[in-house]
Amino acid sequence: MSQSTSVNEAVLAVESPSPNKGITALVTPTTPLGFWIYLMTDCVLFATLFATFAVLRHNTNGGPGGDELFSLPYVLAETLILLTSSFTCGLAMVATHAKRRNWTIALMAITALLGAAFLYLELHEFAHLAAEGNNWQRSGFLSAFFTLVGTHGLHITIGLLWIGVMLINIARQGLTASHIRRLGLLSMFWHFLDIVWIFIFTFVYLVGASGV
Amino acid sequence: MRRTLSYIAGFVLSIILTMVAYAIVVNHYVVGWAAVFSLVGLAVVQLLVQLLFFLHLSRHGEANNRLLLFDFTLIVVIIVVAGSLWIMHNLHYNTEPQVEVLEEHIVHDEGVKPQH
């Protein structure tokens with residue numbers, strides 16, 4: 001592996017176990033900033049979904065509203081699980097920067113398990129709603145609900161896939177420079193999803209339960 | 001160690017803020033719009049907690065760029081959300097499907113006297 005640094009860029013040889021040995025890739029330290037810009041656009045996306053939900057929150061088409069449909073203890077469990085997964089993800093980053101490979105793997109695996117538990121609870125809630133006829137076609141309120149919460153759930157799913165890929169990569173190749181960089185992006189992504197969930201929890205479930 | 005403490009502090013604060021919000025709604029300590037404002041306040045505080053303790057946003061060093069981008073995004077978000085709510089409320093008000101409610105808007109809010 002050869003390294004040389006100039007003022008604005010670092011050139012790192014990409015470690016790879018197979019035919020592309022020795023190929024160098026230009027890795028600038030601006031990748032986290034670029035990923036942050038993507039997260040900001042994701043923020044605007046969620047903002048539009050929140051705005052839609054806020055506008056449609058009373059359009060229940062004669063059907064049930066948030067106060068009737070949502071179980072607050074259940075949602076609290078989801079919230080605490082996702083929050084804990086964000087915490088373990090943070091600890092995983094501490095382990096990564098300390099170059100502790102096994103701790104990184106363990107903590108990211110715990111993060112994934114908690115994320116999977118969250119997703120399971122969410123899908124269970126969706127299935128329960130749909131089984132009673134309260135699917136996204138029932139009313140504008142439910143359309144907005146499923147779109148907003150479903151989009152967040154889709155992000156979580158992709159995050160779980162990403163964690164899985166990273167776990168395999170780190171197990172096989174160790175904490176290489178590019179894996180460390182990618183873990184940083186992944187943890188930004190995961191923290192961001194928990195932040196979005198704070199607002200879903202507050203506006204969809206808690207405020208919904210208040211009937212305002 | 002400092003980073004670890006940062007995550008622990010963020011975690012504990014977030015749990016507290018979540019539980020307070022939950023308690024307010026479940027026990028009806030506050031109701032109606034007052035409840036909404038308290039919940040929004042708690043959510044915003046938890047947002048700041050997680051931005052600081054989990055995402056390490058700050059005005060120092062490299063994180064300053066991210067903070068700047070976040071501020072811009074926040075402006076866009078506020079315009080999108082507040083603007084949508086304002087416009088849709090206005091639209092709903094002006095295209096009320098129930099005739100009685102619409103006439104009440106015209107007579108009481110717009111000051112137009114009824115002709116019959």
Side-chain angles (χ1 to χ4, degrees), chain A residues 29-30 32-33 35-37 39-56 58-59 72-73 75-76 79-80 83-84 86-95 97-98 187-188 190-192 194-203 205-212, chain B residues 1-8 10-12 14-15 17-19 21-22 24-26 28 30-36 39-44 46-47 49-51 53-57 62-63 65-67 69-70 72-74 76-85 87-89 91-92:
Chain A
T30 55
L33 190 63
F35 192 77
W36 181 257
I37 293 173
L39 282 181
M40 294 299 97
T41 67
D42 224 15
C43 218
V44 176
L45 172 73
F46 277 108
T48 64
L49 296 179
F50 271 109
T52 306
F53 179 81
V55 167
L56 294 176
H58 295 307
N59 292 33
L72 289 183
V75 172
L76 180 68
T79 305
L80 293 175
L83 176 59
T84 308
S86 197
F87 174 60
T88 56
C89 186
L91 293 180
M93 286 316 295
V94 173
H97 289 305
S187 74
M188 264 200 274
W190 200 256
H191 292 314
F192 169 75
D194 190 48
I195 288 175
V196 172
W197 181 260
I198 299 170
F199 287 96
I200 294 180
F201 172 65
T202 302
F203 286 107
Y205 293 103
L206 290 184
V207 173
S210 310
V212 168
Chain B
M1 196 55 207
R2 216 182 66 234
R3 271 289 161 100
T4 312
L5 285 174
S6 175
Y7 288 115
I8 294 174
F11 184 49
V12 169
S14 296
I15 291 183
L17 291 164
T18 303
M19 297 309 298
Y22 179 78
I24 286 179
V25 174
V26 169
H28 304 292
V30 194
V31 289
W33 280 100
V36 174
L39 291 172
V40 170
L42 286 167
V44 167
Q46 195 178 150
L47 167 69
V49 163
Q50 293 210 13
L51 284 175
F53 289 106
F54 285 178
L55 283 170
H56 315 295
L57 268 193
E62 196 262 323
N65 292 328
R66 276 185 265 140
L67 183 62
L69 287 163
F70 174 74
F72 173 66
T73 306
L74 197 62
V76 172
V77 163
I78 289 173
I79 291 173
V80 165
V81 176
S84 297
L85 286 168
I87 289 172
M88 294 310 292
H89 173 78
L91 191 62
H92 182 67

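Letters go in sequence order (proteins before strands), and every chain restarts at 1.
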With a 4.5 Å cut-off on heavy-atom pairs, point out which of Leu85(B), Val40(B), Val76(B) contacts chain A the most.
-> Leu85(B)
Quick one: CG on Leu74(B) to CE on Met40(A), what's the gap to the nearest 0.5 Å?
-> 9.5 Å
Val80(B) side chain near Phe50(A) side chain, heavy-atom distance below 4.5 Å = no
Smallest separation among heavy atoms of His191(A) and Gln50(B), with atom names | O-OE1, 4.2 Å
Value for CG (Leu33(A)) from CZ (Arg66(B)), rounded to nearest 0.5 Å, stands at 7.5 Å
Can Met88(B) and Leu56(A) be said to form a side chain to side chain contact (heavy atoms under 4.5 Å, CB included), step by step?
-> CA-CA 10 Å; Met88(B) 294 310 292; Leu56(A) 294 176; over 6 Å; no
Inter-residue atom distance Thr41(A).OG1 - Leu69(B).CG, 0.5 Å rounding | 11.0 Å
How would you list, by chain and number, every residue that makes a ring-ring contact (aromatic ring centres under 6.0 Å, His included) with Phe53(A), sequence neighbours excluded?
-> Phe141(A)
Within a strict 4.5 Å, meaning less than it, do heavy atoms of the Met93(A) and Tyr7(B) side chains meet?
-> yes
Checking Thr48(A) against chain B: side chain, backbone, both or neither under 4.5 Å from a heavy atom?
-> both
In Å and rounded to the nearest 0.5 Å, what is the CD to CD1 distance from Gln46(B) to Ile198(A)?
-> 4.0 Å
When the 4.5 angstrom heavy-atom criterion is applied to Tyr205(A) and chain B, the contacting part is neither
Quick one: list whatever passes ring-ring contact (aromatic ring centres under 6.0 Å, His included) with Phe35(A), sequence neighbours left out.
-> Tyr38(A), Trp162(A)
Side chain / backbone / both / neither for Ile87(B) at chain A, heavy atoms under 4.5 Å = neither
Sort Phe201(A) into side chain, backbone, both or neither according to what part of it lies under 4.5 angstrom from a heavy atom of chain B.
-> side chain
Just give me the residue among Ile78(B), Val44(B), Val77(B) that pairs up with chain A most often, heavy atom to heavy atom, under 4.5 Å.
-> Val77(B)
Could you go step by step and tell me if Ile195(A) and Phe54(B) meet the side chain to side chain contact (heavy atoms under 4.5 Å, CB included) rule?
-> CA-CA 10 Å; Ile195(A) 288 175; Phe54(B) 285 178; over 6 Å; no
Apply the test side chain to side chain contact (heavy atoms under 4.5 Å, CB included) to residues Tyr22(B) and Thr79(A): give CA-CA distance (whole Å), side-chain angles for both, the deciding distance (0.1 Å), then the verdict.
-> CA-CA 11 Å; Tyr22(B) 179 78; Thr79(A) 305; over 6 Å; no
Between Ser187(A), Ala54(A), Ser210(A), Gly90(A), which residue shows the highest count of heavy-atom pairs closer than 4.5 Å to chain B?
-> Gly90(A)
Within a radius of less than 6.0 Å around NE2 of His92(B), do more than 12 heavy atoms belonging to other residues, nucleotides or ligands occur?
-> no
Decide yes or no for Thr73(B) and Val44(A): does some side-chain heavy atom of the first lie under 4.5 Å from some side-chain heavy atom of the second?
-> yes
Hey, what do you get for CG (Asn65(B)) to OG1 (Thr30(A)), rounding to the nearest 0.5 Å?
-> 10.5 Å
Applying a strict 4.5 Å limit to non-hydrogen atoms, the region of Ile79(B) in contact with chain A is neither
Tell me, out of Leu76(A), Leu91(A), Val207(A), who's got the most heavy-atom pairs with chain B below 4.5 Å.
-> Leu76(A)
Given a strict heavy-atom distance threshold of 4.5 Å, which part of Phe199(A) is in contact with chain B: side chain, backbone, both, or neither?
-> side chain
Between Val26(B), Leu17(B), Val31(B), Val81(B), which shows the greatest number of heavy-atom pairs under 4.5 Å with chain A?
-> Val81(B)
Can you tell which part of Met1(B) gets under 4.5 Å to a heavy atom of chain A, answering side chain, backbone, both or neither?
-> neither
So Leu72(A) and Val25(B), side chain to side chain contact (heavy atoms under 4.5 Å, CB included) or not? Walk me through it.
-> CA-CA 9 Å; Leu72(A) 289 183; Val25(B) 174; 3.6 Å; yes
In terms of ring plane angle, is the pair Phe70(B) and Trp36(A) parallel, tilted or perpendicular, where the classes change at 30° and 60°?
-> tilted
Would you give the length of the straight line joining atom NE2 of His97(A) to atom CZ of Arg3(B), rounded to the nearest 0.5 angstrom?
-> 6.0 Å
